[in-house]
Amino acid sequence: MTAALESELLAARLGWDPDSTLSIPTQLYLGLRQLCISGRLSPGSRLPSTRALGAALGVARGGVVVAYERLAAEGFVCSKVGAGTRVLEQVSAVPGVRLEPSENPPNRRARRLQAIPSLTSMPLLRPFRLGTPALELAPMALWGRLLRAACLQAGARSLDSGDPFGDPGLRALLVERLQRTRGLRCSIDQVAIMSSAQQAFDLLARLLLEPGDVVWTEDPGYPPARATWVAVGARVVPIQVDAEGLDLLHGARQTRRPRLIYVTPSRQFPTAVKMSLRRRIDLLEFSRSHGAVVIEDDYDSEFCAPGGSIPALAGLDEAAQVVYVGSFPSTLFPALRMGYAVLPKTLTCSFRLLRQYADGFPPALIQTAARHFIGEGHFDRHLRRARTLYDERRRALFDAADIHLRGLIEFEQEQAGLSAVGWLPAGSDDRQIALAGRAEELDLTAISPLYQGRPKRHGLLLGFAPFTPAELRIAVPRLGSLLSRFLPRRPPAAPSS
Ligand SMILES: Cc1ncc(COP(=O)(O)O)c(C=O)c1O
């Protein structure tokens, strides 16, 4: 083979792309490296001269020289005066050199996650997306000023590594706030800033559970939390929810006792049931006598009751067995990525270690901005504005539903939350309706997949918070015509005599 022909062949095998944004030496280097790794350039084989390859590719020889030098520096090739450049013999011994990617299957626990229903929404914000607050209320100008100030005033301390539990000043404000609004009694050393409630569940699962341990969850319940128990190999036992919250009598009939109980007492997800005081006391008594830890997910609590929310379960906890988890996605904006956990004192040391090994510490500058946002009263003002707006939007939804959805879906008449819970008549298929809603640009969340056991009821969760009353008034009749296409026909009314 002539040198020119050899170079032409090599040029073709390099997959050379003249329009690439990568520099010529980088493209050459990556192409040749891949040929060596995959074995297509066999050990000992000789590369064309830099001049010949440059000519074959129509590039300057200097670029080829740079690529060859980089390959030589990394030990793929060796250049000798007079002998040219050859692929080194050892290259074939690089482990994992294959043409086919290997399978690397995930472990059994990870595979079990595939069975957990996802709460993902349609990519664009469409009525009735769940879990999104009014994004136009997000205080971006102010937030930008606070972040800028945090950057400009950052000293060595805030630019260096931080406390695994987060900014002490922010934690002190949360202690005061949680005491004032949620009835919690805790100290700064019990509060850990997290990236989300989900991160808290994940670390708590790793901290508290052994494979095979039993976790009680509400049924229906919040799938992302369930995923964290499943991911550590726990056995998740669904406990039904009645009009007072987690049904402890149903729980008591289970043969194995729980190590952990996950609840959403302020507003049960997804049924919106508020756990009664009697049930809260019974739950604390049960968990104390069985040595179980309770995780209280206090999502949405800022929007739970008109004129203020019911105190947290953790506020009644005398035996230090409740971990309280809160976060900001529904009160501010999801992209903030900030939540917190309030831990019993007995867990703080081990949780701190785990937090440190999981991801070090929370981001300092965002915490500084959040500290000023809460400390200067902006958060309270923002919440007041948001509550008024959500009351208006909820009213718009219910008023339109009264006209267009009567007899099709029955709403829980609550003055709380960022979403409405609507129950469908017996015999309906909420999954099918939610699926068909996508084609109509309606983002509906079916309730039946949120049951781990056999679904008792079918229904829909309708987020209203990010939509104006005008948008809701347009979307509700569309939902009405969708529902009337799918709901079982009711028998005609008996003629009146
Ligand atoms: C039941 C429940 N828990 C917790 C959260 C908080 O989520 P994150 O993990 O994003 O903080 C949400 C948010 O929608 C929720 O619906």
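We count ligands from 1, going down the list as the structure has it; atoms in each ligand are counted the same way. Each residue takes its place number in the sequence, starting with 1.
Contact check on E440 versus R126 returns no salt bridge, with no Lys/Arg side-chain nitrogen under 4.0 Å from an Asp/Glu carboxylate oxygen. Ion pairing between a basic and an acidic side chain is recognised when a charged N comes within 4.0 Å of a carboxylate O; R387 and D391 show no such pairing. Using a 4.0 Å cut-off between a side-chain N of Lys or Arg and a carboxylate O of Asp or Glu, D163 and R352 qualify as a salt bridge. Look at K345 and D189 and you find no salt bridge, because none of the NZ, NE, NH1 or NH2 atoms lies under 4.0 Å from a carboxylate O.
Each of V322, L260, V323 was checked for a side chain to side chain contact (heavy atoms under 4.5 Å, CB included) with V294, and the lone residue meeting it is V322.
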So what's ligand 1 close to, N/O to N/O, under 3.5 Å?
residue, atom, partner, partner atom, Å
ligand 1, 3 (N), D297, OD1, 3.3
ligand 1, 3 (N), D297, OD2, 2.5
ligand 1, 9 (O), A197, N, 3.4
ligand 1, 9 (O), Q198, N, 2.9
ligand 1, 11 (O), A197, N, 2.9
ligand 1, 11 (O), S327, OG, 2.8

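Remark: T26 pairs with S23 by the side chain to side chain donor-acceptor pair (under 3.5 Å) rule, at least two apart or across chains.
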